[in-house]
Peer 1: 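I'd like to ask you about the structure that follows.
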Amino acid sequence: MESRTYTADAAPGDSVTVAGWVHEIRDLGGIAFLILRDTTGKIQVKFEKDGMADDLVETGLDLHRESVVAVGGDVEEEDRAPTGVEVVPENIEVLAEADPELPLDPSGKVDAELSTRLDNRTLDLRKAEVQAVFEIRAELLRSVREQFRDLGCTEINTPKIVATGTEGGTELFPITYFGREAFMNQSPQLFKQLMVGSGLERVFEIGPIFRAEEHNTPRHLNEATSIDFESAFYDEHDAMDACEAVVIAAYEGIAENCQDELEALGMADSFEVPDAGFPRLSYEEVIERINATGALDEPLVWGDDLPTEGERALGEEIGEHYFITEWPSEIKPFYIMDKEDDELSTGFDLMHPRLELVSGGQREHRHDRLIEGFEQQGLEPEAFEYYTKMFRYGMPPHAGWGLGAERLVMTMLGLDNIREAVLFPRDRQRLSP
RNA sequence: GCCCGGGUGGUGUAGUGGCCCAUCAUACAACCCUGUCACGGUUGUGACGCGGGUUCAAAUCCCGCCUCGGGCGCCA
């Protein structure tokens with residue numbers, strides 16, 4: 001296949017072999033068109049029945065949609081062809097036949113439900129708008145990595161098989177590790193913290209996290225991709241600055257490098273890079289403003305978690321990304337540092353108007369306070385000794401956050417369901433493919 | 001974990017007790033058509049998630065199961 005030409009590169013006057021999938025065949029009688037699709041686009045192949053060898057015409061027109069073929073021929077300029085050029089075939093090689101009945105329609109004439117699409121993801125991904133989501137996801141990860149490097153971070157990879165959970169509370173997937181009890185890690189939290197005390201100081205990780213919660217919503221996955229950041233000698237304000245920079249870098253990367261993909265999604269005109277300087281609202285201010293919207297039957301009081309309905313009402317009012325800061329200590333995990341007033345924590349969330357994207361904060365780096373925190377949350381510090389003991393050997397002040405990659409893709413592209421942002425999602429019922 | 005709402009040809013749908021051996025689109029098959037670009041036209045193929053019940057009569061009502069989607073809680 002070294003001589004294969006992409007459809008997008010086929011220029012008039014060239015003698016080429018194009019290879020790809022049969023998108024459609026339109027037989028008008030004396031003339032017929034085969035639309036051939038590859039990753040770069042589509043090209044029309046013309047069959048004039050009177051002027052061509054019968055077996056060539058027969059091979060071409062007997063094909064089923066989505067069969068894979070290689071067509072050799074001359075590229076001609078033709079105003080009446082959809083792309084302005086068409087291939088006049090000299091030979092056709094059928095490389096892989098497709099069954100006549102497809103489990104979904106890659107040409108997009110008939111919709112398929114998400115579950116049908118996920119069951120047949122390969123075919124689903126032959127649609128340009130579905131491909132676009134994953135091209136954009138890839139570009140997002142690329143620009144995020146670049147921004148982290150600009151921030152002076154080292155990329156790390158931490159274990160996903162662990163002996164104990166991170167924070168307690170969240171359900172973990174148990175597994176057997178050579179006869180011992182083990183779990184799939186819910187977050188790289190503790191490991192990335194250990195790295196700020198190492199010579200690396202500032203790190204990031206992009207990797208899977210596993211949550212065994214039996215939720216069934218369009219914004220939760222049981223296996224998700226977490227974009228994690230942690231830095232020594234940072235406080236929560238520094239961490240928020242880094243967070244904002246990374247989110248904006250992701251949008252910028254896509255605005256700069258994914259115009260075709262945005263076009264395929266019908267977003268070329270509407271896509272906007274958010275303005276820097278995301279508002280930073282205190283938890284107290286947030287509950288007041290949510291109460292003022294009147295969206296909730298019962299007003300929120302200090303110490304409540306923010307209900308989904310309240311988050312949405314406030315998000316609509318604010319209309320852009322915003323941070324929620326100064327959360328009550330009691331509803332943040334033990335590793336988040338308290339402020340001087342120990343009712344308040346340094347924890348923050350980054351919200352998109354639709355939903356939460358990031359959770360972060362300054363961390364408790366004082367050994368004794370950390371141990372107290374474990375005990376207050378009913379966790380046994382002994383189980384986490386691999387973690388706590390490093391706080392006895394010079395753990396600097398530090399801060400960081402975790403960002404849901406799929407949630408970022410979802411909110412950026414306005415996807416209705418987070419499963420659209422994962423090739424092969426794992427949710428309450430789906431374990432295959 | 002608690003609570004709602006669905007499952008009809010390959011795909012997406014219409015159909016709330018008899019007018020339904022089930023509508024429409026797409027697909028597939030055959031025929032017609034020399035510039036389609038969601039090509040068009042004619043004819044045909046193909047389905048009520050599973051099990052039980054109510055009824056003279058069930059896609060439609062009831063029960064159980066399976067399965068899918070959603071809401072809440074929690075969270076990324």
Side-chain angles (χ1 to χ4, degrees), chain A residues 23-35 42-52 57 62 64-66 78-84 86 98-120 123-124 166-171 186-189 206-229 243 304-312 331-333 349-352 355-360 401-411 416-419 421-422 427-430:
Chain A
H23 187 70
E24 201 164 15
I25 291 170
R26 289 195 272 267
D27 188 345
L28 276 64
I31 192 168
F33 304 107
L34 182 157
I35 312 298
K42 299 196 266 283
I43 198 165
Q44 175 162 288
V45 181
K46 174 177 67 176
F47 294 88
E48 280 184 300
K49 293 177 190 172
D50 284 349
M52 282 182 177
V57 172
D62 278 354
H64 289 125
R65 291 147 74 235
E66 300 305 317
E78 173 55 70
D79 290 343
R80 291 171 293 184
T83 59
E86 64 188 7
D99 283 355
E101 298 224 305
L102 303 167
L104 59 77
D105 173 19
S107 76
K109 275 183 266 194
V110 182
D111 286 340
E113 287 189 358
L114 184 57
S115 102
T116 304
R117 293 174 44 210
L118 294 174
D119 284 339
N120 301 281
L123 269 63
D124 186 44
T166 305
E167 299 150 40
T170 302
E171 295 291 317
Q186 68 169 105
S187 154
Q189 181 63 32
I206 298 174
I209 57 171
F210 305 90
R211 309 255 164 122
E213 297 290 340
E214 297 194 35
H215 32 221
N216 185 206
T217 80
R219 59 187 184 282
H220 288 95
L221 293 164
N222 293 293
E223 178 176 348
T225 306
S226 184
I227 299 171
D228 269 89
F229 168 84
C243 180
D304 283 345
D305 260 315
L306 304 184
T308 307
E309 210 180 340
E311 279 179 3
R312 281 206 198 106
I331 53 174
K332 283 289 170 186
D349 286 358
L350 174 66
M351 309 295 297
H352 176 274
L355 64 126
E356 180 183 342
L357 291 180
V358 171
S359 180
W401 41 263
L403 161 64
E406 288 81 11
R407 286 190 172 187
L408 184 56
V409 173
M410 176 188 181
T411 53
D416 291 332
N417 195 312
I418 198 165
R419 295 165 180 88
V422 192
D427 63 32
R428 181 67 190 86
Q429 15 269 337
R430 183 170 293 276

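Every heavy atom of this structure was used, including side-chain atoms; hydrogens, water molecules and symmetry mates were not. Chain identifiers are assigned alphabetically (A, B, ...) following the order of the sequence lines, protein sequences preceding nucleic acid strands; residue numbering begins at 1 within each chain.
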Peer 1: Using a heavy-atom cut-off of under 4.0 Å over every strand shown, decide if A:Glu113 touches base, sugar-phosphate, or nothing.
Peer 2: sugar-phosphate
Peer 1: Searching all strands shown, indicate the nucleotide that pairs with B:G69 (Watson-Crick or G-U wobble; both distances under 3.5 Å).
Peer 2: B:C4
Peer 1: If pairing requires Watson-Crick or G-U wobble contacts with both distances under 3.5 Å, which nucleotide is the partner of B:G9?
Peer 2: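 B:G9 is paired with nothing.
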Peer 1: May I ask you to test the A:His220-A:Glu213 pair for a side-chain heavy-atom distance under 4.5 Å?
Peer 2: no
Peer 1: Can you give one letter per nucleotide of nucleotides 41-46 of chain B, 5' to 3': B if a protein heavy atom sits under 4.0 Å from the base, S if only from the sugar-phosphate, - if neither?
Peer 2: ------
Peer 1: Could you list all N or O pairs between the protein and nucleotides 69-72 of chain B that sit under 3.5 Å apart?
Peer 2:
unit_1 : atom_1 : unit_2   : atom_2 : d
B:G70  : OP1    : A:Asn417 : ND2    : 2.6
B:G70  : OP2    : A:Arg419 : NH1    : 3.4
B:G70  : N7     : A:Asn216 : OD1    : 2.8
B:C72  : OP2    : A:Arg219 : NH2    : 3.3

Peer 1: Between B:U42 and B:G6, how far apart are the P atoms? Round to whole Å, please.
Peer 2: 37 Å
Peer 1: Figure out the CD/C1' separation between A:Glu311 and B:A76, and round it to whole Å.
Peer 2: 12 Å
Peer 1: Picking from B:G12, B:C75, B:U36, which would you name as closest to the side chain of A:Glu356?
Peer 2: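 Closest nucleotide to the A:Glu356 side chain: B:C75.
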Peer 1: Cut-off 3.5 Å, no hydrogens considered: what does the side-chain donor-acceptor table look like for residues 403-410 of chain A, sequence neighbours left out?
Peer 2:
unit_1   : atom_1 : unit_2   : atom_2 : d
A:Glu406 : OE1    : A:Thr225 : N      : 2.9
A:Glu406 : OE2    : A:Arg137 : NH1    : 3.1
A:Glu406 : OE2    : A:Arg137 : NH2    : 3.4
A:Glu406 : OE2    : A:Thr225 : N      : 3.2
A:Glu406 : OE2    : A:Thr225 : OG1    : 2.7
A:Arg407 : NE     : A:Arg219 : O      : 3.2
A:Arg407 : NH1    : A:Glu356 : O      : 2.9
A:Arg407 : NH2    : A:Arg219 : O      : 3.0

Peer 1: How would you label the contact of A:Ala224 with the nucleic acid (heavy atoms, under 4.0 Å): base, sugar-phosphate, or nothing?
Peer 2: base
Peer 1: Can you name the nearest heavy-atom pair linking A:Gly402 to A:Asp228, along with the distance?
Peer 2: CA-OD2, 3.7 Å
Peer 1: What does B:A76 pair with, Watson-Crick or G-U, if both distances are under 3.5 Å?
Peer 2: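 In the structure as shown, B:A76 has no Watson-Crick or wobble partner.
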Peer 1: For A:Arg65 and B:G10, what is the distance between atoms CZ and P respectively, to the nearest whole Å?
Peer 2: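 Going from A:Arg65 (CZ) to B:G10 (P), I get 15 Å.
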Peer 1: When the C1' atoms of B:C28 and B:U67 are compared, how many Å lie between them, rounded to an integer?
Peer 2: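 After rounding to an integer number of Å, I get 28 Å for this pair.
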Peer 1: Report yes if some heavy atom in the side chain of A:Leu28 is under 4.5 Å from a heavy atom in the side chain of A:Phe33; otherwise report no.
Peer 2: yes
Peer 1: Once you apply a heavy-atom cut-off of 4.0 Å, does A:Lys46 come out as touching a base, just sugar-phosphate, or nothing?
Peer 2: base
Peer 1: For the side chain of A:Lys109, starting at C-beta, report the closest nucleotide among B:U36, B:A76, B:A27.
Peer 2: B:A27
Peer 1: Whom does B:G46 pair with, Watson-Crick or G-U wobble, provided both distances fall under 3.5 Å?
Peer 2: none
Peer 1: Indicate yes or no: does A:Asp349 engage A:Lys332 in a salt bridge with an N to O separation below 4.0 Å.
Peer 2: yes
Peer 1: So which atom in A:Thr116 and which in A:Pro103 form the shortest heavy-atom distance, rounded to 0.1 Å?
Peer 2: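 Closest pair (atom of A:Thr116, atom of A:Pro103, distance): CG2-O, 3.6 Å.
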Peer 1: Can you see which heavy atom on A:Asp304 is nearest to which on A:Ile331, and at what distance?
Peer 2: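 What the structure gives for the nearest pair is O-CD1, 3.7 Å.
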Peer 1: Looking at every heavy atom in both A:Arg428 and A:Asn222, which two are closest together, and how far apart are they?
Peer 2: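 Of all heavy-atom pairs spanning A:Arg428 and A:Asn222, the closest is N-ND2, 3.1 Å.
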Peer 1: Quote, to the nearest angstrom, the P distance that separates B:A27 from B:G64.
Peer 2: 42 Å
Peer 1: Of the non-hydrogen atoms in A:Ser115 and A:Arg430, which two are nearest, and what is the gap between them?
Peer 2: O-NH2, 3.4 Å
Peer 1: Rounded to the nearest angstrom, tell me the gap between atom CG in A:Asp62 and atom P in B:C28.
Peer 2: 13 Å
Peer 1: Looking at every strand, decide which applies to A:Leu221 at a 4.0 Å heavy-atom threshold: base, sugar-phosphate, or nothing.
Peer 2: base
Peer 1: With a 3.5 angstrom cut-off on both distances, give the Watson-Crick or G-U wobble partner of B:U34, or none if there isn't one.
Peer 2: none
Peer 1: Among B:U26, B:C75, B:G12, which nucleotide has an atom closest to any side-chain atom of A:Ala112?
Peer 2: B:G12
Peer 1: Taking atom C1' in both B:U36 and B:A76, what distance in whole Å separates the two?
Peer 2: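 Roughly 48 Å separates the two C1' atoms.
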Peer 1: If I take atom CD in residue A:Glu171 and atom P in nucleotide B:C2, what distance separates them, rounded to the nearest angstrom?
Peer 2: 13 Å
Peer 1: Ignoring hydrogens and angles, are the base of B:C74 and the side chain of A:His220 linked by a donor-acceptor pair under 3.5 Å?
Peer 2: yes
Peer 1: What's the shortest heavy-atom distance between A:Arg65 and A:His23, and which atoms?
Peer 2: CG-O, 4.0 Å
Peer 1: Taking side chain as C-beta onward, heavy atoms only, is A:Ile35 less than 4.5 Å from A:Gln44?
Peer 2: yes
Peer 1: Starting at the 5' end of RNA chain B, which residue's closest nucleotide do you reach first, A:Phe33 or A:Lys332?
Peer 2: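 The residue closer to the strand's 5' end, by nearest nucleotide, is A:Phe33.
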Peer 1: Any base atoms under 4.0 Å from A:Ala405, or only sugar-phosphate, or nothing? Heavy atoms, all strands.
Peer 2: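 Nothing: the residue A:Ala405, judged by heavy atoms under 4.0 Å, touches no strand.
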Peer 1: Figure out the CD1/P separation between A:Ile25 and B:C37, and round it to whole Å.
Peer 2: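 Atom CD1 in A:Ile25 sits about 16 Å away from atom P in B:C37.
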Peer 1: For B:A47 and B:C66, measure between their P atoms and round to the nearest Å.
Peer 2: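 That atom pair is separated by 27 Å.
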Peer 1: Can you tell me if A:Lys49 has over 12 outside heavy atoms packed within less than 6.0 Å of its NZ?
Peer 2: yes
Peer 1: B:C20 pairs with which nucleotide, Watson-Crick or G-U wobble, both distances below 3.5 Å?
Peer 2: none
Peer 1: Provide, to the nearest angstrom, the distance between the CG atom belonging to A:Leu306 and the P atom belonging to B:C74.
Peer 2: 10 Å
Peer 1: Can you check the distance between B:U23 and B:G15, where both ends of the measurement are the C1' atom (answer in whole Å)?
Peer 2: 7 Å
Peer 1: Nearest whole Å is fine: how far is B:G1 P from A:Arg211 CZ?
Peer 2: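 Rounded to whole Å, this separation is 18 Å.
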Peer 1: If the C1' atom of B:G9 is compared with that of B:C48, how far apart are they to the nearest Å?
Peer 2: 10 Å
Peer 1: Would you mind reporting whether A:Lys42 and A:Pro82 have side-chain heavy atoms less than 4.5 Å apart?
Peer 2: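 Contact flag for A:Pro82/A:Lys42 side chains = no.
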Peer 1: Rounded to whole angstrom, note down the P distance from B:A14 over to B:U8.
Peer 2: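 Going atom to atom, P in each nucleotide, I get 10 Å.
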Peer 1: Using only heavy-atom distances, decide whether a donor-acceptor pair under 3.5 angstrom links the side-chain of A:Arg407 to the base of B:C75.
Peer 2: yes
Peer 1: Please give, in whole Å, the distance from B:C75 P to A:Asp349 CG?
Peer 2: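 Going from A:Asp349 (CG) to B:C75 (P), I get 9 Å.
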Peer 1: Base, sugar-phosphate, or nothing for A:Leu28, non-hydrogen atoms under 4.0 angstrom?
Peer 2: base
Peer 1: Using a 4.0 Å heavy-atom cut-off across all strands, classify A:Glu86 as base, sugar-phosphate, or nothing.
Peer 2: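 The answer is base, as A:Glu86 lies within the cut-off (heavy atoms under 4.0 Å) of a base atom.
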Peer 1: Looking at every strand, decide which applies to A:Asp50 at a 4.0 Å heavy-atom threshold: base, sugar-phosphate, or nothing.
Peer 2: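 Touches a base.
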Peer 1: Between A:Pro103 and A:Ile31, which has a closest nucleotide on RNA chain B that is more 5'?
Peer 2: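 Going by which nucleotide is closer to the 5' end, it is A:Pro103.
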